[in-house]
Novice: 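Once you've had a glance at the structure underneath, I'll fire off some questions.
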Amino acid sequence: MKATQLKYYLSFSFILFLCACSSPPKLALPQLIEPANFKLQQIETPAEIFKLDTSLTRQLDSHLNSQNSAQHIAQGIFSFLLKNGDDSLAYRSSATLTAAQSYQNLNANCLSLSILAYSLAEHLGLKAQFQKVHIPEYWALDQGVNLLTGHINLSLNSQPLVNYPSTPLRVDQWASTALT
């Protein structure tokens with residue numbers, strides 16, 4: 001009986017030895033981090049981000065031709081951007097664009113609107129300041145990537161202009177009046 005058990009034991013060991021020598025076929029894993037899988041994107045300089053087209057500044061100047069107080073100029077910027085008939089900007093959350101692109105495409109998110117309004121205010125001699133707005137945590141899925149969203153607006157202030165109100169004016173896409 002012992003010889004039979006030894007025979008089974010040796011046969012089983014030999015089969016295990018042969019199995020151990022063989023390995024599963026190597027599968028080609030996708031190379032997710034290959035440089036060829038990524039497209040290089042050009043990053044705009046600050047000058048490119050805030051640059052306005054001359055046609056845009058001419059349109060703004062003619063839109064504001066008789067307005068001289070800071071309040072009227074700020075409201076003029078707002079109406080020029082958001083209440084300009086067919087040439088009004090529309091909100092699009094994925095439209096993070098330069099000032100010129102926002103106006104050319106007539107699309108902007110809060111950051112793009114703030115960049116465009118900042119550039120227009122600077123062109124008109126108004127001082128402007130970006131403001132981060134605290135909002136409840138909000139996550140958005142964009143092209144398979146989860147993003148924590150935020151909000152920004154612009155505060156306009158202009159000491160050089162005479163009839164300036166005591167509180168700064170805000171340009172904000174989410175506010176009910178958008179200019180407060």
Side-chain angles (χ1 to χ4, degrees), residues 38-135 138-145 147-180:
F38 293 96
K39 222 172 37 172
L40 290 178
Q41 297 290 325
Q42 182 179 352
I43 298 175
E44 297 86 358
T45 65
E48 292 170 329
I49 292 170
F50 293 97
K51 184 178 181 193
L52 298 173
D53 293 3
T54 53
S55 63
L56 171 59
T57 55
R58 273 189 249 130
Q59 288 176 11
L60 177 66
D61 292 340
S62 72
H63 183 78
L64 300 174
N65 59 8
S66 64
Q67 300 173 2
N68 57 7
S69 74
Q71 175 85 26
H72 289 111
I73 290 174
Q75 288 173 338
I77 290 173
F78 171 71
S79 68
F80 180 73
L81 293 176
L82 300 177
K83 295 181 178 179
N84 200 8
D86 290 339
D87 290 332
S88 297
L89 286 174
Y91 180 80
R92 199 174 95 211
S93 63
S94 62
T96 303
L97 305 168
T98 66
Q101 290 169 336
S102 293
Y103 195 73
Q104 287 168 358
N105 297 338
L106 296 177
N107 288 312
N109 59 17
C110 60
L111 178 60
S112 297
L113 173 65
S114 297
I115 288 170
L116 179 55
Y118 180 92
S119 297
L120 295 174
E122 190 175 69
H123 168 75
L124 297 169
L126 296 170
K127 292 183 181 178
Q129 181 177 354
F130 293 99
Q131 300 182 129
K132 180 179 178 181
V133 178
H134 297 285
I135 60 170
Y138 177 74
W139 289 86
L141 184 63
D142 186 15
Q143 298 178 11
V145 177
L147 302 171
L148 177 60
T149 62
H151 183 59
I152 187 171
N153 66 20
L154 191 72
S155 175
L156 298 176
N157 188 354
S158 79
Q159 274 77 21
L161 298 174
V162 178
N163 298 322
Y164 182 72
S166 60
T167 57
L169 301 164
R170 256 190 352 249
V171 177
D172 193 330
Q173 240 168 350
W174 281 6
S176 58
T177 60
L179 183 67
T180 56

Novice: To the nearest 0.5 Å, how far apart are CG in Asp61 and CG in Leu56?
Specialist: 9.5 Å
Novice: According to ring-ring contact (aromatic ring centres under 6.0 Å, His included), who are the partners of Tyr118, at least two apart in sequence or on a separate chain?
Specialist: Phe50, Phe130
Novice: Could you tell me the separation between the NE2 atom of His123 and the OG1 atom of Thr57, rounded to the nearest 0.5 Å?
Specialist: 4.5 Å
Novice: Check side-chain hydrogen bond (donor to acceptor under 3.5 Å, both in side chains) between Ser112 and all other residues, then give those that pass, not counting sequence neighbours.
Specialist: Asn109
Novice: If you take all heavy atoms of Ala121 and Ala128, which pair is closest and at what distance?
Specialist: CB-CB, 4.2 Å
Novice: Looking at every non-hydrogen atom in both residues, tell me the closest pair between Ser114 and Ile152 and how far apart they are.
Specialist: OG-O, 3.7 Å
Novice: Is Ile43 atom CD1 crowded by more than 12 heavy atoms from other residues, nucleotides or ligands, each under 6.0 Å away?
Specialist: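 No - once you tally the heavy atoms of other residues, nucleotides and ligands closer than 6.0 Å, there are 12 at most.
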Novice: Testing the basics here: between Lys51 and Ala99, what is the closest heavy-atom pair and its distance to 0.1 Å?
Specialist: O-CB, 3.9 Å
Novice: Please report the shortest heavy-atom distance between Asn105 and Leu97, naming the atom on each side.
Specialist: ND2-CD1, 3.7 Å
Novice: Just wondering, do Leu113 and Asn153 contact through their side chains at under 4.5 Å, heavy atoms?
Specialist: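 A side-chain contact under 4.5 Å is absent here.
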Novice: List in chain and number order the residues that pass side-chain hydrogen bond (donor to acceptor under 3.5 Å, both in side chains) with Asp53, two or more places apart in sequence or in another chain; answer none if no residue qualifies.
Specialist: Gln104
Novice: With side chains defined as the heavy atoms from C-beta onward, is the minimum distance between Leu60 and Leu52 less than 4.5 Å?
Specialist: no
Novice: When rounded to the nearest 0.5 angstrom, what distance separates CD in Gln129 from CG in Leu154?
Specialist: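 Reported to 0.5 Å precision, the distance equals 8.5 Å.
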